[in-house]
Amino acid sequence: MRVVLAMAWKELLIALRDKKTGFIILFAPLIQLILFGFVVTTEIKELPVGFIDLDDSPLSRRIIERLDPQEAFDVKRRFFSFEEAEGAIKAGKTRLVVVVPSGFEGSIGRDSLSIQFMLDGSDANATRLLLSYLWPTLGHEIQEERKRYLPLMAFERRFKEATSTDFGKLRAISESGEGWSSSLPKISRIKISTRVFFNPNLKSPIYMVPGVIVLIITIISSVLTGVAVVREREKGTLEQILVSPMRPWEFILGKTVPFSLLALFDASLIFPLGVLIFHIPVAGNLFVILVGTLLFLMSTLGLGLLSSTISETQQQAMMTAFFVLMPMYLLSGLFFPVKSMPPFFQWIAFINPLTHFLLIVRGVLLKGATFADLGVSFIFLLIFGALIISVAILRFGKRIK
Amino acid sequence: MWGSLGEVPVIEMKGALAVSVKEALHIVRDPRSLYLNLGIPVVLLLILGYAISFELRREPVGYLDLDHSAQSRKLIALIGQEESFGAPFPVDPPFFPYLRSGKARLILIIPHNFSSKIEKGEEVTLQVLLDGADNNTASIALGTVEELLMAQSDEGMRENLRNEGIPLSGKPITPSLRILYNPALKSVFFIVPGLIALIMMIVSALMTALTVAREWETGTLEKLLISPLSKGEIILGKTLPYFLLGFIQISLILLAGRIVFGVPFRGSIPLLVFFSALFLIGGLGVGLLVSVATRTQQLAMQVTWILTILPGFLLSGFLFPIESMPKVLQAFTYLVPARYYLVVLRGILLKGAGLAELWSQAAFLGLYAAIAMIAAVWRFPRRLA
């Protein structure tokens, strides 16, 4: 054990000895927290929007006015021709243009009512989100306008019918004493009241920042471990260690423990900041996360060691780690929801330890999930971690001989 | 400082080429690094193109039907028909555990007077319980339910009008969409430009920084410096292979994007080559600067990650629109060259834009390439001090 400690201490000294490295280890997580917290947002805000009002009626102006209270954009520009609008879209000055056709007001009671959107498809994701923001409110507003018109039109039609066919009916309506309003047809309405749990204001950072913690733990524990081992090989010091009485498992522990500690240190630095700056909730028991982290570290340290056994140089080790981690990030639910992936990729996501660790961290922090809720993820991390670390140790032993 | 710059033009192509060939061999010799450089861009493209989507698929929905009417059953059946939702299943209170364990994303509670109120033409309120943890998925799910209920509400309105003997249809309106440049709104169309920018950043800045830092570490750079090679020859020789590798990767991504996903190329190829060259030269300059400043691979990697790749990914407008960022970060994006390169790529590939639309991006990229390269040449040691 003394050997392990000595080696771990040496490894920590190497990592922190250099002022630049220490700076990076402290500030890289901070920068990532700020960037991910503020930038990685699925809330679309302040995109430039325009409109063409060919109807120029009270109704069309009311509809256009409804574009205002939305948070989704800040610029609202009026265009007077399609060419002008298209030019603005091509230059990237406008993302979406609402077109109210002429005769819009006159056709409010008819089925032929139509409204057009011109969209910049080159950033499909933002465009889709913007549309999904604007259309429900706008469509709802138009339907509401219709509901105000329709009964009146219905009454008008009935009145006309009555006049032409049966004067008695007309008299009945006017003599019933109920007046206009009560003889309008009644129209039902379905409303919904929503109660949102876990992230009541539907804020992106609440969901993303726990992901940053996962990201940082992953990078430090896997990449730095792999690189530290390869550095000894590159410099030839690995051979010196091998001829020393140190056993392989002592070497492995000595290499992995310091980076686990660094990862935990960075995580515990970032986490309170996330709570402070982005108001990340802590709904559950942090002990559950700690257990999850230790299990997850088995996977990442194992991956780091594995990448070191197939790399001769630090450059190779880093590139390998980088290109293994990239797909892992993309297929973990960190940015993109796993449930939206095709089944094949959902399977890959399922055997990705990051997916499960994310479920644990987000589940505990946001939802207060317990061991029972997260059973599958814990079992998976245990099995995967044990497997990969055994393979890494086996391969490592072979390399050494 | 200009004195040392003045020596740069003394470049003998033979010397630079020799360094390049050695560096290229270093890349090609090792099949894995070749795979990493050529295979990974394509693998990332396939993953991003096939797997990434924000459309909901079979989100679990629970319901509590207190009405037990034909109307309420119809509503539940309608939800089941949506692609976004799985088959709705009945739940009983307490509802919270369903949401916490993820067994249900959304729970719909239909009150007991649902159908009677609709028939009477009154207002009725449904309750929705929503797991908001993943805010994006939650808002899309809620939007889908709202739209469904809006349609149902209109259905009710028609029913009311019919009962009054008024055959007005009042069909719900749908907007007609005219989507420019990417009518199917395929996400891969905006992923290809972003991926090119990202990979270019990696190959130019990260790879150069690592390979030169490695020579610092192993001491082979000192040997190069005392050789008769000039500074310009060393720099040119070291960067040329990565410059070419960058173009091979662009071609690969564009070809794969075209063949597999039908990503268009509407603008001019020479223009794309010109802009990409500027972007690569800038990246190579940054890579050299980082390697000079750090001199170790581990540090070089972390610095490049923070300085170039992370901003290139997050602050370029690749996945997250710049207009939606806080103002301070928006100001920072002007310092991120990938921002300009991305406008160029999207413009040339998707919009068929030419120099008339892109000249300001060209100016920024040119400035960046010039500053980065000049600074790199200036800081690169002439001889061993």
Where does B/R58 contact chain A at under 4.5 Å (heavy atoms): side chain, backbone, both or neither?
backbone
Salt-bridge criterion met for B/K351 and A/D120 (N-O under 4.0 Å)
yes
Is B/T211 reaching over with its side chain to a backbone N or O of B/M207, donor-acceptor style, under 3.5 angstrom?
no
Would you check, one step at a time, whether the test side chain to side chain contact (heavy atoms under 4.5 Å, CB included) holds for B/Q127 with A/S193?
CA-CA 5 Å; B/Q127 210 185 0; A/S193 82; 3.4 Å; yes
Measure B/I306 against the heavy atoms of chain A and call it side chain, backbone, both or neither at under 4.5 Å.
side chain
For chain B, the option from A/L331, A/I31, A/L359 that forms the most heavy-atom pairs under 4.5 Å
A/L331
Among A/F345, A/F197, A/F27, A/F36, residue most engaged with chain B (heavy-atom pairs, under 4.5 Å)
A/F197
Honestly, the part of B/L48 sitting under 4.5 Å from a heavy atom of chain A is side chain
Is it true that atom OH of A/Y329 has more than 12 heavy atoms of other residues, nucleotides or ligands lying nearer than 6.0 Å?
yes
Top contributor to chain A contacts, counting heavy-atom pairs under 4.5 Å, from B/A213, B/P326, B/G143:
B/P326
At a 4.5 Å cut-off on heavy atoms, which part of B/L108 comes close to chain A: side chain, backbone, both, or neither?
neither
Turns out that what part of B/I40 lies under 4.5 Å from chain A's heavy atoms comes down to side chain
B/A300 portion near chain A, given a 4.5 angstrom heavy-atom threshold
neither
Parallel, tilted or perpendicular: which describes the rings of A/F198 and B/F96, with under 30° parallel and over 60° perpendicular?
tilted
Per-residue tally against chain B (heavy atom, under 4.5 Å) across A/F336, A/F344, A/F38 peaks at A/F336
A/I219, part contacting chain B, at a heavy-atom distance under 4.5 Å
side chain
Can a donor-acceptor pair be found, under 3.5 Å and without considering hydrogens, that links the side chain of B/E357 to the backbone of B/G354?
yes
Between B/E217 and B/T296, is there a donor-acceptor pair closer than 3.5 Å when you use the side chain of the first and the backbone of the second?
no
Toward chain A, the part of B/P60 with a non-hydrogen atom under 4.5 Å:
side chain
Name the region of A/L330, side chain, backbone, both or neither, that has any atom closer than 4.5 Å to a heavy atom of chain B.
both
Taking the six-membered ring of A/Y207 as reference, does the cationic atom of A/R362 (NZ for Lys, CZ for Arg) lie under 6.0 Å from its centre and within 45° of its axis?
yes
At a heavy-atom distance under 4.5 Å, which candidate from A/L224, A/L374, A/I348 has the highest pair count against chain B?
A/L224
Heavy-atom pairs under 4.5 Å with chain A - which of B/L56, B/I140, B/L149, B/D131 has more of them than the others?
B/D131
Determine the option with the most heavy-atom pairs under 4.5 angstrom with chain A, choosing from B/M301, B/E147, B/K103, B/M325.
B/M301
Sort A/V227 into side chain, backbone, both or neither according to what part of it lies under 4.5 angstrom from a heavy atom of chain B.
side chain
B/F114 meets the ring-ring contact (aromatic ring centres under 6.0 Å, His included) criterion, sequence neighbours left out, with none
Quick check on B/L198 against chain A: is it the side chain, the backbone, both or neither that has a heavy atom closer than 4.5 Å?
side chain
Heavy-atom cut-off 4.5 Å, strictly under: side chain, backbone, both or neither for B/L319 against chain A?
both
Can you say whether B/L314 sits under 4.5 Å from chain A via the side chain, the backbone, both, or neither, judging by heavy atoms?
both
In this structure, is the centre-to-centre distance between the rings of A/F335 and B/F313 below 6.0 Å?
yes
In terms of side-chain heavy atoms, does B/N135 have a donor or acceptor partner in A/S204 at a distance below 3.5 Å?
yes
If you look at every heavy atom in B/L195 and B/P41, which pair is closest and at what distance?
CD2-O, 3.6 Å
So which residue, B/L350, B/L349, B/T125, B/L106, ends up with the most heavy-atom pairs under 4.5 Å with chain A?
B/T125
For B/D134 and B/T137, work out which heavy atoms get closest and say how close.
OD2-OG1, 2.6 Å
Go through the atoms of A/V338 and report whether side chain, backbone, both or neither lie under 4.5 Å from a heavy atom of chain B.
neither
Answer with side chain, backbone, both or neither: which region of A/I206 has an atom nearer than 4.5 Å to a non-hydrogen atom of chain B?
neither
Heavy-atom check, side chain of B/R105 versus side chain of B/Y98, under 4.5 Å
no
The interface call for B/Q297 against chain A, heavy-atom contacts under 4.5 Å, is both
